[in-house]
Amino acid sequence: MYDIKRIRRDFDEILSAVEKRGKGDFGLLEIRDLEKKRRDILVLVEQLRNEQKTKSRLIPQFKKEGKDAMALLEELKSLSSEISLLDEQLKEVECSFEELLYYVPNTPHDDIPLGKGEDDNVELRRWAEPRVFDFEAKPHWDLGVERDFLDFERGAKVVGSRFTFVKGACARLERALMNYFLDFHTLSGKYTEIGSPGVANRQAMTGTGQLPKFIEDMYHCTEDDYFLIPTAEVTLTNFHREEILPKEDLPVYITAFTQCYRREAGSAGRDTKGIIRQHQFGKVELVKLVEPKSSFEELEDMVSDVERLIQSLELPYRVIELCSGDVGFSSAKTYDLEVWFPSYDNYREISSCSNFLDFQARRCMLRYRNEEGKVEFLHTLNGSGIPTGRCLAAIIENNQTEDGKIRIPKVLRPYMGGLDEI
RNA sequence: GGAGAAGUACUCAAGUGGCUUAAGAGGCUCCCCUGCUAAGGGAGUAGGCUUCGAAAGGGGCGCGAGGGUUCAAAUCCCUCCUUCUCCGCCA
């Protein structure tokens, strides 16, 4: 969300930045008009209110002196009705103004590549060569079923499509991933582990930008107006919502493992095989709340944390910088990390690290007190660090042996009771 | 889920419609007095949002949240949230 004042002051700059997404002005022109209208009414209302306050203070005085206050009361009555009339107009304008504002995406950062979509993203670097198999490598969905590790049919029976049971040693491996990822980020003392709720209210979902625009993608508990979280980004970023943090508390680095729930509304027919795209998946998420001046450095630092994690798992990956047409709604700059999948003969996203600048912070009222004692919005960042499901699929595929076993990466063996394969 | 109580600023807390333009105390900041410390005296301490203004400086909102009644609401009414106590249920 944008600062109203900034929309007024730097309107052309914001407009041209948002237009780099290649999808129009996102209602900015209308927003500007409404904002002007809002202020016109506001000034009037406030003048009248001041008059009302001043004059009604005279009433007790009149009473004390035994003077007749009838004329004054009449005047105040009409003043009051005038105010409530204008107030209604004001509320109306403010509502539509705010509603529109929530649908405007963040401004893509200046230095990211210009482009229309996925194809214009830029590959920055690769790590490790994809393995060359001397036998026919199986996709994880085949191998998983053969080994009785993954049960898609029962997942569909008990819930529906895109829900899967994970069994036996494979379930243990996924649990090992969860523990390893959390340990990786927290044992260094860098990130603080949080146990997080798996649902969030409407305000929180609006704070990080999932609502109002992407309501179709969310599982909604209508009884309570709660939403299953699509990522721990929601609960972690909202953790300090409406707070003013002392400067000494910064930067805030937090992480959580949660289940994530996504309706995948627009994804019918994509990745229907395997556990690449599920309605529910486990993920360790990283969130940073930082001072504005350091947020881009913090993004690089976050990416390198995730890279080291993937390297430790010995999975080949590449780093992609998203172009202006592909960068997410709330993000100003995003790096995607993609891991090699033999079954796709390609890299697939396993982590996405973004700098949101103050976009989410404004929606969440996430602030801190700077050196001069002034209150200022924080910058927020997040990144997957990393999902257990996709990572499990990647390990199954990349580490399979000719006889259908899965080699356990060295760093995971302590979490697997010393097993080197399953 | 049922019954009750509560929510006012950093903390405690007064406040049953206009004399509150939110008292008082503690804490905190500064000053005076002290050789230092304690005690004592004095001054300051409502943050945030927003709006007008080049600035200085005005104005509006704010007592858990949102509505309502009224010329006027911390105060009266309604809905909701949170906390506490008791009962019920439950991993």
Side-chain angles (χ1 to χ4, degrees), chain A residues 1-11 31-102 195 197-207 211-212 221-227 235 238-249 259 289 358-378:
Chain A
M1 187 156 83
Y2 294 96
D3 184 4
I4 308 159
K5 282 177 267 182
R6 210 184 132 214
I7 284 191
R8 233 149 67 199
R9 199 183 51 228
D10 311 323
F11 183 80
I31 286 167
R32 182 174 59 176
D33 293 347
L34 279 170
E35 205 284 316
K36 175 81 178 97
K37 202 167 158 196
R38 179 190 75 101
R39 267 183 306 137
D40 289 347
I41 302 174
L42 188 65
V43 168
L44 201 55
V45 168
E46 287 184 359
Q47 271 169 7
L48 292 176
R49 237 194 264 282
N50 181 240
E51 195 182 336
Q52 182 187 42
K53 264 177 101 164
T54 319
K55 285 191 173 154
S56 60
R57 270 183 217 132
L58 294 173
I59 289 188
Q61 211 175 314
F62 272 45
K63 279 187 185 165
K64 211 170 13 179
E65 293 164 9
K67 282 201 279 189
D68 180 25
M70 276 310 282
L72 184 57
L73 273 177
E74 282 306 313
E75 196 185 339
L76 280 168
K77 229 179 249 190
S78 73
L79 199 54
S80 172
S81 64
E82 205 179 333
I83 288 173
S84 59
L85 208 74
L86 278 171
D87 236 358
E88 242 165 76
Q89 285 178 33
L90 184 64
K91 238 177 239 174
E92 221 171 278
V93 170
E94 259 173 1
C95 275
S96 41
F97 163 72
E98 257 173 47
E99 176 73 6
L100 280 172
L101 207 52
Y102 276 124
V199 293
N201 62 28
R202 188 173 281 271
Q203 255 191 309
M205 295 287 285
T206 307
L211 295 185
C221 312
T222 50
E223 283 275 300
D224 308 287
D225 202 28
Y226 292 161
F227 297 83
T235 46
N238 278 281
F239 186 78
H240 286 294
R241 73 171 299 127
E242 284 156 52
E243 291 180 30
I244 298 172
L245 300 177
K247 194 180 168 301
E248 308 85 77
D249 288 5
Q259 295 294 335
L289 312 178
D358 61 359
F359 186 85
Q360 294 180 325
R362 284 182 190 284
R363 291 175 163 234
C364 296
M365 291 301 276
L366 255 176
R367 294 163 296 170
Y368 80 108
R369 207 170 285 281
N370 67 16
E371 293 89 341
E372 296 121 54
K374 289 252 175 72
V375 174
E376 211 179 327
F377 284 102
L378 290 160

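By convention in this document, chain letters (A, B, ...) are assigned in the order of the sequence lines, proteins followed by strands, and residues within each chain are numbered from 1.
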* Taking OP1 and OP2 of B:G59, is either one under 4.0 Å from a side-chain nitrogen or oxygen of A:Arg49? -> no
* **Residue-phosphate contact under 4.0 Å: A:Asn50 side-chain N/O, B:G60 OP1/OP2** => yes
* Within this structure, what is the CD-to-C1' distance between A:Gln47 and B:G53, rounded to whole angstrom? -> 14 Å
* **Atom-to-atom span, CG of A:Leu76 to P of B:G17 - whole angstrom** => 20 Å
* Name the nucleic acid region contacted by A:Val375, choosing base, sugar-phosphate or nothing; use a 4.0 angstrom heavy-atom cut-off, strictly under. => sugar-phosphate
* Asked: With respect to the phosphate group of B:U50, does any side-chain polar atom (N or O) of A:Arg38 fall under 4.0 Å of OP1 or OP2?
  -> no
* Return the value, rounded to whole Å, for the distance between atom OH of A:Tyr368 and atom P of B:G48. => 14 Å
* Asked: Contact class for A:Ser80 (heavy atom, under 4.0 Å): base, sugar-phosphate, or nothing?
  -> sugar-phosphate
* Asked: Who are the side-chain contact (heavy atoms from CB on, under 4.5 Å) partners of A:Arg6, not counting sequence neighbours?
  -> A:Tyr2, A:Asp3, A:Arg9, A:Asp10, A:Glu13, A:Ile14
* Considering only B:G47, B:U51, B:G59, which nucleotide approaches the side chain of A:Arg369 most closely? -> B:G47
* Can you check the A:Ile83 CD1 to B:G60 P distance for me, whole Å? -> 11 Å
* Structure fact -> From the candidates B:G18, B:U50, B:C52, the one with an atom nearest any side-chain atom of A:Leu42 is B:U50
* State the syn/anti category of B:G62 according to its glycosidic angle, syn meaning within 90° of 0. => syn
* Structure fact -> In whole angstroms, the gap separating C1' of B:C71 from CD of A:Glu82 amounts to 14 Å
* To do: Establish, with yes or no, whether the OP1 or OP2 oxygen of B:C61 is under 4.0 angstrom from a side-chain nitrogen or oxygen of A:Lys53.
  => yes
* Asked: A:Glu74 near the nucleic acid: base, sugar-phosphate alone, or nothing, with a heavy-atom cut-off under 4.0 Å?
  -> nothing
* How many Å lie between CZ on A:Arg362 and C1' on B:U50, as a whole number? -> 14 Å
* **Minimum-distance nucleotide to A:Ile59 side chain [options: B:G18, B:U51, B:U50]** => B:G18
* Is A:Lys5 touching bases, backbone alone, or none of the nucleic acid, heavy atoms closer than 4.0 Å? -> sugar-phosphate
* To do: Using a 4.0 Å heavy-atom cut-off across all strands, classify A:Leu73 as base, sugar-phosphate, or nothing.
  => base
* For A:Arg8, which contact category applies under a 4.0 Å heavy-atom criterion: base, sugar-phosphate, or nothing? -> sugar-phosphate
* **Distance, rounded to the nearest Å, where A:Arg39 contributes CZ and B:G59 contributes C1'** => 16 Å
